Structures are given as C-alpha cells and as structure tokens.
Amino acid sequence: MKMRAARMYGYKQPLRLEEIDVPSPGPEEVLVRVGGAGMCRTDFQLIDGYFDTGLSMDFPITPGHEVAGWVDGLGAAVPRSAGLSEGDQVVVFGSWGDGACRQCHEGNEQLCAHGVWAGFGRHGGYQEYLPVNYRYLIKMPGRGGLSPDNLAPLTDAGLTPYRGLKKLRDAGHLGPGRTVAVVGIGGLGSYATQYAALLGGGAQVVAFARSDEKLTIARDNGADHVINVRDKDSSAVRSELESLTGRAELDAVIDCAGSEESIRLAFALLGAEGAVVSVGLIGNRIDVPLFPLVAREYTYFGSFWGNYNDLTEVLALAEAGRIRHSVTRVRFDDVNETLDAIARGDVLGRAVIVYD
C-alpha cells in the first residue's frame with residue numbers, strides 16, 4: 001500500500017512530493033492515519049537550515065510535528081490498558097524523550113536532551129500515515145467531535161503559548177489591574193490571545209502585530225485592545241498603549257514572534273517587576289539592556305513547547321468549546337507554496353495539510 005509524503009532531502013530545497021510505502025507499526029506503535037498536519041514556521045526554518053547544527057538528520061525525512069488523525073492499526077505489544085482501537089480519533093504529542101533523565105521523570109519530555117521530535121529527524125505528519133508509540137497518543141472522546149484540521153494545531157501552536165501563559169500566571173504577573181501583551185499574532189499568537197483572556201484573571205489583554213488582518217483575529221479571540229506596531233518605535237507604541245489602557249507600561253508580555261525587534265519592544269514597554277515569556281523563534285539572539293533588567297527586577301522566561309499534561313488541558317478546553325480556531329486548509333499538492341507563504345508571514349492563523 002502506498003501513501004503520499006512530502007519529504008526533505010536536504011537544506012534549502014523544496015520538499016519532494018512522492019508516493020512511498022505505508023510504514024508498518026512496531027510492537028508498541030500505533031499506525032495513525034493523518035487527518036490534519038499543522039504547518040509551522042519552524043517547518044520552514046528546518047528546511048532553511050535554522051537547526052542544522054543542533055539536530056542530526058538522516059535524509060530523507062518528512063517534516064510535520066502537529067498531527068491529528070485516527071488509529072489505523074496497532075502493534076502487537078500495545079497494551080489493552082492504552083484503551084486504543086481502530087477508528088479512534090487521536091492527537092499526537094510530538095516530543096518523545098528518552099524516559100531516563102530528570103526532565104522526563106518530571107513529565108517535561110520536550111526538554112529532554114536526548115529526546116526526538118516528530119518531524120525533526122523522525123518522520124512527521126507531512127505524510128498520510130505515521131507510526132507513533134502508543135504512549136504519545138491522546139484519545140479524543142467519542143468518534144470525533146472536533147475535526148483533525150482544528151485539533152492538529154493544538155499540539156504546538158495551541159500548546160506552546162498555553163505553557164507560556166501558565167508561567168506568567170503562576171509567577172503572579174497576571175490579575176486585576178494588570179496589562180498583558182501578546183506580541184505577534186500568527187499561529188501561536190492567535191491562541192495566546194485567547195489564553196491571556198482565559199488565564200489572565202481579569203488582566204487587560206493587548207495584542208501587537210504588524211497587520212490589521214491579524215489584529216482582527218486577535219480582537220475576535222478576546223483582545224481588549226490592538227496596536228499595529230509596523231514602522232513605530234517604542235515611544236509611539238507607548239503613547240498608543242497609554243491612550244488605550246490608561247497606562248504606558250505592561251506588566252507581562254508573551255512574545256510569539258521571537259525576533260530581536262519584538263523582544264526589545266517588549267522590554268522597552270515593561271513596568272517594574274514585569275515579566276516577558278518568549279515562545280517564538282524567528283531570531284537567533286536577544287539584546288536586552290542590563291540596568292533596567294536588574295534595577296526594575298524584570299523576569300525573563302524561556303518557554304519551550306509544552307508537556308503531555310499541558311496538552312491534555314488544552315484539548316479539554318477545546319472539547320468544552322473554549323478555543324476558537326483560525327485555520328487555513330492546505331491541499332497536499334500546495335505544500336511548498338504554503339511554506340513560502342508562511343516564511344513571508346502571509347498566512348492568517350495556522351495552515352493545516354488535509355488529505356482529502
């Protein structure tokens with residue numbers, strides 16, 4: 001049996017759209033029929049060479065770390081206690097640790113120094129069938145209340161900002177009388193705006209982006225105020241912030257862009273004892289003035305992806321109808337063109353490959 005796969009044979013090359021054999025699941029693996037595969041900017045960065053010094057690649061590989069679909073087959077050693085049967089709707093937790101390190105034992109497999117990730121060296125969701133160890137599947141209730149193209153982005157775009165907002169909340173940076181900003185309204189930011197409202201405890205939510213179309217999504221997703229920061233310096237943004245909120249400073253920022261410019265802006269607007277959490281990865285370095293970092297007691301969090309339990313919380317919110325989805329469905333044949341559009345920042349919300 002054959003399947004379609006968009007495969008990477010080297011850096012800075014278009015993916016090759018091929019037909020290859022459907023893989024057989026190992027003893028503890030489940031064969032997942034992919035119903036939706038989210039297309040992350042990180043996928044473009046992988047192809048462009050952003051990770052070429054940090055990941056071992058054995059080409060060809062199939063990208064795609066945001067995956068949802070259905071159980072198509074089970075390996076002989078998948079235990080009955082896993083509760084999985086053919087036809088079950090599942091989502092894939094895409095970060096697979098070694099199970100031996102402290103981070104894995106604490107439940108943070110996404111931080112495992114010896115772990116692997118779906119679509120990064122291991123094959124991912126840009127193919128129609130994917131073998132996954134049963135431990136990394138989350139079964140959805142019933143036979144599919146949410147569509148795979150809405151579920152797939154939750155495994156990263158919907159998961160990553162959720163963990164970041166939890167860090168800000170748990171450290172006491174959110175709550176009544178405070179202002180939290182979401183910087184960058186792309187795939188992650190469209191969800192981050194919703195979590196800022198859900199977890200903010202009454203904090204005002206302000207969205208920053210460089211296009212009015214993306215700011216419309218942010219407003220629809222719960223932002224109290226929006227600011228287009230294109231071609232504006234920090235003083236201009238500060239004045240607009242004060243006009244909208246009555247305050248010229250921020251208490252907390254979740255940066256979903258990860259560019260040097262966006263992080264500098266976040267710290268330029270931060271009030272005393274404020275905090276920034278970075279979840280975006282466009283740039284490679286940051287440049288933050290040291291004196292205000294110390295003298296105003298700023299906090300800077302890195303926050304990477306999310307763990308299995310974080311994902312179960314996100315899925316529970318989605319199942320309860322608490323999450324809005326901004327999804328562009330992509331035909332398999334249009335994968336390379338869509339990756340180019342993602343690189344330009346032209347995609348609203350999350351692009352998701354569907355295998356109709």
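Just so you know, these numbers use all the heavy atoms, side chains as well, and skip hydrogens, waters and symmetry mates. Since this is a predicted model, take the numbers as computed values, not measurements.
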Which residue pairs satisfy the ring-ring contact (aromatic ring centres under 6.0 Å, His included) criterion with at least one member in residues 246-274, sequence neighbours excluded? Phe267-Tyr298, Phe267-Tyr300
What pairs meet the salt bridge (Lys or Arg N to Asp or Glu O under 4.0 Å) rule with one or both residues in residues 262-288, with sequence neighbours excluded? Glu260-Arg264
How many angstroms lie between CG in Asp156 and CG in Asp43, if you round to the nearest 0.5 Å? 8.5 Å
Are the side chains of His225 and Gln204 in contact, using a 4.5 Å heavy-atom criterion? yes
Do Ser278 and Asp255 pass the side chain to side chain donor-acceptor pair (under 3.5 Å) test, and can you show the C-alpha distance, the side-chain angles, and the key distance before you say yes or no? CA-CA 5 Å; Ser278 281; Asp255 181 81; 4.5 Å; no
I need the single residue from Asn150, Asn221, Thr193 that forms a side chain to side chain contact (heavy atoms under 4.5 Å, CB included) with Arg324. Which is it? Asn221
Atom pair CD1 (Ile353) and CD (Glu128), whose distance is rounded to the nearest 0.5 Å: 10.5 Å
Checking ring-ring contact (aromatic ring centres under 6.0 Å, His included) for the pair Tyr50/Tyr11: CA distance, chi angles, key distance, verdict? CA-CA 9 Å; Tyr50 184 93; Tyr11 297 113; over 10 Å; no
Asp72 to Glu86 - nearest heavy-atom pair and separation: O-CD, 3.5 Å
Hey, any chance Val352 and Leu339 share a hydrophobic cluster, counting ILVMFWY side chains that come within less than 4.5 Å of each other, even indirectly? no
Heavy-atom pair with the smallest gap, counting every atom of Val182 and Gly189: CG1-O, 4.0 Å
Please check if Met3 and Val92 belong to a single hydrophobic cluster, counting links between Ile, Leu, Val, Met, Phe, Trp and Tyr side chain heavy atoms closer than 4.5 Å. no
Tyr308-Glu109 side chain donor-acceptor pair, cut-off 3.5 Å: no
Determine all donor-acceptor pairs shorter than 3.5 Å in which one atom belongs to a side chain in residues 96-104; sequence neighbours excluded.
unit_1	atom_1	unit_2	atom_2	d
Trp96	NE1	Phe93	O	2.6
Asp98	OD1	Ala100	N	2.9
Asp98	OD1	Cys101	N	3.3
Arg102	NH1	Glu106	OE2	3.4

Per the side chain to side chain contact (heavy atoms under 4.5 Å, CB included) rule, which among Leu311, Thr312, Leu317 passes with Leu315? Leu311
Hey, does Ile61 have a side-chain heavy atom less than 4.5 Å from the side chain of Leu46? yes
Is the closest side-chain heavy-atom distance between Arg163 and Gln110 below 4.5 Å? yes
Classify the side-chain pair Thr62/Gln127 by whether it contains a donor and acceptor separated by less than 3.5 Å. yes
Should the pair Phe301 and His173 be assigned to parallel (<30°), tilted (30 to 60°) or perpendicular (>60°) ring geometry? perpendicular
How are the rings of Phe304 and Trp117 set to each other: parallel, tilted or perpendicular (split at 30° and 60°)? tilted
Quick check for you: to the nearest 0.5 Å, what is the distance between Phe44 atom CZ and Asp48 atom CG? 4.0 Å
Taken to the nearest 0.5 Å, the spacing of Asn307 CG from Leu111 CG works out to 8.5 Å
Hey, is NE2 on His105 packed in by over 12 heavy atoms from elsewhere, all under 6.0 Å? yes
Check residues 205-214 and write down every donor-acceptor pair under 3.5 Å in which the side-chain atom is one partner and the other belongs to a residue at least two apart or another chain.
unit_1	atom_1	unit_2	atom_2	d
Ser211	OG	Lys214	N	3.2
Asp212	OD1	Asn228	ND2	3.0
Lys214	NZ	Gly345	O	3.0

Check the surroundings of atom CG in Asp233: do more than 12 heavy atoms from other residues, nucleotides or ligands lie under 6.0 Å from it? yes
For atom CD of Glu297, decide whether the heavy atoms of other residues, nucleotides or ligands shown that lie under 6.0 angstrom number more than 12. no
In this structure, is the centre-to-centre distance between the rings of Tyr129 and Tyr355 below 6.0 Å? no
Going by atom types alone, do Thr338 and Asp334 pair a side-chain donor with an acceptor below 3.5 Å? no
Min side-chain heavy-atom separation Pro63-Phe120 under 4.5 Å: no
Sequence neighbours excluded and cut-off under 3.5 Å, please list the side-chain donor-acceptor pairs for residues 13-22, or say none.
unit_1	atom_1	unit_2	atom_2	d
Glu18	OE1	Arg7	NE	2.8
Glu18	OE1	Arg7	NH2	3.0
Glu18	OE1	Tyr9	OH	3.1
Glu18	OE2	Tyr9	OH	2.9
Asp21	OD1	Lys2	NZ	2.8

Minimum side-chain heavy-atom gap Val253-Val277 below 4.5 Å: no
Are the side chain of Asp170 and the backbone N or O of Lys167 linked by a donor-acceptor pair below 3.5 Å? no
Tell me the closest heavy-atom pair linking Gln89 and Leu146, and the distance in Å. NE2-O, 2.6 Å
So Met8 and Pro60, do their side chains get closer than 4.5 Å, heavy atoms only? no
Check: Leu281 main-chain N/O paired with Gln45 side-chain donor or acceptor under 3.5 Å: yes
Heavy atoms only: give me the nearest Ala68-Val91 pair and the separation to one decimal. CB-CG1, 3.9 Å
Indicate the atoms forming the closest heavy-atom contact of Val78 with Ala82, along with that distance. CG1-CB, 4.2 Å
Single-linkage hydrophobic cluster Ile185~Val237, side-chain heavy atoms < 4.5 angstrom: no
N/O donor to acceptor pairs below 3.5 angstrom from side-chain atoms of residues 23-39, sequence neighbours left out:
unit_1	atom_1	unit_2	atom_2	d
Glu28	OE1	Arg135	NH1	3.0
Glu29	OE1	Gly26	N	2.7

Any side-chain heavy atom of Ser95 sitting closer than 4.5 Å to one from Tyr136? no
Hphob cluster co-occupancy, Val183 + Val279, side-chain heavy atoms under 4.5 angstrom: no
Measure the shortest side-chain to side-chain distance between Thr155 and His65 over non-hydrogen atoms and say whether it is less than 4.5 angstrom. no
How close do Pro153 and Tyr191 get, counting heavy atoms only, and between which atoms? CB-OH, 3.6 Å
Between Asp149 and His325, do the side chains contain an N or O donor and an N or O acceptor separated by less than 3.5 Å? no
Does atom CZ (Arg296) have a neighbourhood of more than 12 heavy atoms from anything else shown, all under 6.0 Å? yes
Hphob cluster co-occupancy, Val327 + Leu188, side-chain heavy atoms under 4.5 angstrom: no
